[in-house]
K.L.:
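Please see the structure below; I have some questions.
What you see is a predicted model, and the numbers here were worked out from it, not measured in a lab.
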Protein chains: 2
Amino acid sequence: MVPKGAADRLAYLLKLIASGPPRFALGELALRADLPVSSVHRLLQVMLRSGLVERGAGQSYRPGRELHRLASQLVARFDLGRSARPLLQDLVEQFHETAVLCVYSPAQRRAIISEMVHTPHPLRFAVERGGEISLPWGSLGRAVLAFLPPGEIEAVMRENSTGPLTGRARSTRKEMEAELAAIRVEGVARYYDPAIDIAGVSGPVFGAEREILGCIGVTMPSKRYQLHLEDDLALAVRGAARRLSEMAAISHS
Amino acid sequence: MVPKGAADRLAYLLKLIASGPPRFALGELALRADLPVSSVHRLLQVMLRSGLVERGAGQSYRPGRELHRLASQLVARFDLGRSARPLLQDLVEQFHETAVLCVYSPAQRRAIISEMVHTPHPLRFAVERGGEISLPWGSLGRAVLAFLPPGEIEAVMRENSTGPLTGRARSTRKEMEAELAAIRVEGVARYYDPAIDIAGVSGPVFGAEREILGCIGVTMPSKRYQLHLEDDLALAVRGAARRLSEMAAISHS
DNA sequence: AACTAGATTTCCGGAATACGGAATGGCTTT
DNA sequence: AAAGCCATTCCGTATTCCGGAAATCTAGTT
């Protein structure tokens, strides 16, 4: 479960630190990491030496300036969230429904809501930045799932066997594969489930080498789904996703 | 010179990768890192496993999605460059001279230009994002240097013994210490050197725990320096730097 | 001020892993 | 089709890592 070997563990701890609080204690980190305190301590010494973490007031640690510098360098090259924002705003203006950007994390095999522009409608979903999206359900998840490498799809399907909202068993492997194939052909994932009053359309976003980065989607109560000219919506969503993919490709060339 | 031990080397390579090209080859990285190819290869396997790097087309490597995710998380919490931008713009509007944000990298003991808003004047310096600032010279460097821990100041002074532009030896250790003390008292660093036609005023920017993050400064040809009401300029620069420090502190609490 | 509870830091022997030169294997190019 | 280049694997050695336990340190309390 927990990584073994100094290098593996350093990478593991870095992720925990980046996603953790701005100040943390040794013991607390050891607990989150599920590692012996002395081992975490030794690795923190390494990170201190390289500036990736620093000491704070009292006896606390914090992400270091070198880590922030490293992050800035990467984000300066291309910031998916920032680039997506105007596209999301356009979608909301056009359809008056909530538009979101999801980013996919291959290591955790999870999709996370990264950016979001809300609909003006008072009835909307309580999605929030940082919220997790289940890959096998909903348009957002499936827009990503459909474009994962085959082996990864298998793994995701094994891990998530029941739905997060409905709790009911998912469709069979075969049905699902057919649905994903359809998504690959059309270039967007549609979802419509009156039972839980949710609907949406999402398009995949790719990186410079056509690896999947996430998706752009528009979600709404299923009641409002029919009101839209569905093909217009699908066209616009696919267009936005493709534009974003192009921007990612250009910035990495 | 090059780090030894798997964890140290992983941190070292991560920095090289983040600051390197968006696609790279094993051999190339090994060369930049000054490490044996087989050692770099082994460490890249570790990073692949954790998603920090990924394979690209052909046989190339690239920064992985996990690394971008990690970077986004950190930057989302607080983005110094983004927060500084409006402050820089205000300074330029007010004084019509180039305003810049420098960030300090403690590991390399260097300051780098991170954000910049140019003066409308046609005569201006060819400073660019990513350009290095020598710490012992100029207002930008000294605004940072003055607020480093004593041991670090010593180290910087030992490393840089001659100026980058003038090439002349720096003032004595004693003189320099007096100048830095004055900067600490006043809260801004002033620089005025007609010999190389450069002048500027800079203020230090601190993090949540008063560690120095960098500085905000306004630079100009020395000819134009007298035209400004110097105290107004110093006051405005110090104000901007303090505002930015407050923003950093708030976002990390 | 002295004490206590909690945390961090150091220590150390045993074991696992990192190390890197050299050989192999696989792309890409001429 | 062949050659050159680069990535990958192999393997014996030696170094580093590992983690429980002891020693220190810090902060809070009596």
K.L.:
Measure NZ/A/Lys4 against P/C/dA15 and give the value in whole Å, please.
P.N.:
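Checked: the NZ to P distance equals 12 Å.
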K.L.:
What is the distance, rounded to the nearest whole Å, between atom CG of A/Asp8 and atom C1' of D/dC17?
P.N.:
13 Å
K.L.:
Would you say C/dG20 has OP1 or OP2 under 4.0 Å from some side-chain N or O of B/Arg9?
P.N.:
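It does, given that an N or O in the side chain of B/Arg9 lies less than 4.0 Å from OP1 or OP2 of C/dG20.
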K.L.:
Would you call B/Glu152 and B/Arg109 a salt bridge, using N to O less than 4.0 angstrom?
P.N.:
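Not counted as a salt bridge, because no side-chain N and carboxylate O are separated by less than 4.0 Å.
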K.L.:
Is A/Tyr61 near enough to C/dT9 that one of its side-chain N or O atoms lies under 4.0 angstrom from OP1 or OP2?
P.N.:
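Checking C/dT9 against A/Tyr61, a side-chain N or O does come within under 4.0 Å of OP1 or OP2.
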K.L.:
Could you write out each protein N or O paired with an N or O of nucleotides 23-30 of chain C at a distance under 3.5 Å?
P.N.:
none

K.L.:
Can you check the A/Leu13 CG to D/dC17 P distance for me, whole Å?
P.N.:
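To the nearest whole Å, that distance equals 14 Å.
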K.L.:
Determine, for A/Arg243 against A/Glu246, whether the closest basic-nitrogen to carboxylate-oxygen distance falls under 4.0 angstrom.
P.N.:
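Salt bridge flag = no for A/Glu246 with A/Arg243.
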K.L.:
Give the rounded distance in Å between these two atoms: CG of B/Leu26 and P of D/dT8.
P.N.:
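About 7 Å, once rounded to whole Å.
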K.L.:
Does a side-chain N-to-carboxylate-O contact under 4.0 Å join B/Glu66 and B/Arg69?
P.N.:
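Between B/Arg69 and B/Glu66 there is a salt bridge, with a charged N closer than 4.0 Å to a carboxylate O.
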K.L.:
I'd like to know if the side chain of B/Arg85 and the backbone of B/Leu80 have a donor-acceptor N/O pair within less than 3.5 Å.
P.N.:
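A pair under 3.5 Å: no.
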K.L.:
Counting the atoms with a prime plus P, OP1 and OP2 as sugar-phosphate, which does A/Ala7 contact under 4.0 Å by heavy atoms, base, sugar-phosphate, or nothing?
P.N.:
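Here A/Ala7 touches no strand at all.
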K.L.:
When you check the gap from the basic side-chain N to the acidic O, do A/Arg55 and B/Glu209 get nearer than 4.0 Å?
P.N.:
no
K.L.:
Do A/Arg142 and A/Pro136 come within less than 4.5 Å of each other through their side chains, counting heavy atoms only?
P.N.:
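They are not in contact (no side-chain heavy atoms under 4.5 Å apart), so the answer is no.
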K.L.:
Identify, residue by residue, the members of residues 36-47 of chain A with a heavy atom below 4.0 Å from DNA chain C, and return them in order of residue number, or none.
P.N.:
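Within residues 36-47 of chain A, the residues near DNA chain C are A/Val37, A/Ser38, A/His41.
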K.L.:
Would you call the rings of B/Phe24 and B/Tyr61 parallel, tilted or perpendicular, taking 30° and 60° as the class edges?
P.N.:
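B/Phe24 vs B/Tyr61 ring planes: parallel.
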K.L.:
Quick test of your reading of the model: are B/Arg110 and B/Glu159 salt-bridged, counting only N-O distances below 4.0 Å?
P.N.:
no
K.L.:
Can a salt bridge be assigned to the pair B/Glu211 and A/Arg62 using a cut-off of 4.0 Å between side-chain N and carboxylate O?
P.N.:
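The answer is yes: the pair qualifies as a salt bridge.
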K.L.:
Please report the distance, rounded to the nearest Å, between CG in B/Leu10 and P in D/dT16.
P.N.:
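In whole Å, D/dT16 P and B/Leu10 CG are 17 Å from each other.
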K.L.:
Find the bend of the helix from C/dA1-D/dT30 to C/dT30-D/dA1 as the angle between its two terminal axes (five pairs each), to the nearest 10°.
P.N.:
50°
K.L.:
In plain terms, say whether B/Asp79 and A/Arg82 are close enough for a salt bridge, that is, a side-chain N and a carboxylate O under 4.0 Å apart.
P.N.:
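Yes, this pair counts.
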K.L.:
Think A/Arg55 has a side-chain N or O under 4.0 angstrom from the OP1 or OP2 of C/dT8?
P.N.:
no
K.L.:
Roughly how many Å is it from OH in B/Tyr12 to P in C/dC19, rounded to a whole number?
P.N.:
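The distance from OH of B/Tyr12 to P of C/dC19 comes to 13 Å, rounded to the nearest Å.
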K.L.:
Tell me: CG of A/Leu48 to P of C/dT10, nearest whole Å?
P.N.:
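The answer, rounded to whole Å, is 11 Å.
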K.L.:
Keeping A/Ser19 on the side-chain end and A/Lys15 on the backbone end, is there a donor-acceptor pair under 3.5 Å?
P.N.:
yes
K.L.:
Between A/Glu28 and A/Arg23, is the closest basic N to carboxylate O distance under 4.0 Å?
P.N.:
no
K.L.:
Once you round it to whole Å, what is the distance between P of C/dT8 and CZ of A/Phe24?
P.N.:
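Interatomic distance, CZ of A/Phe24 to P of C/dT8: 11 Å.
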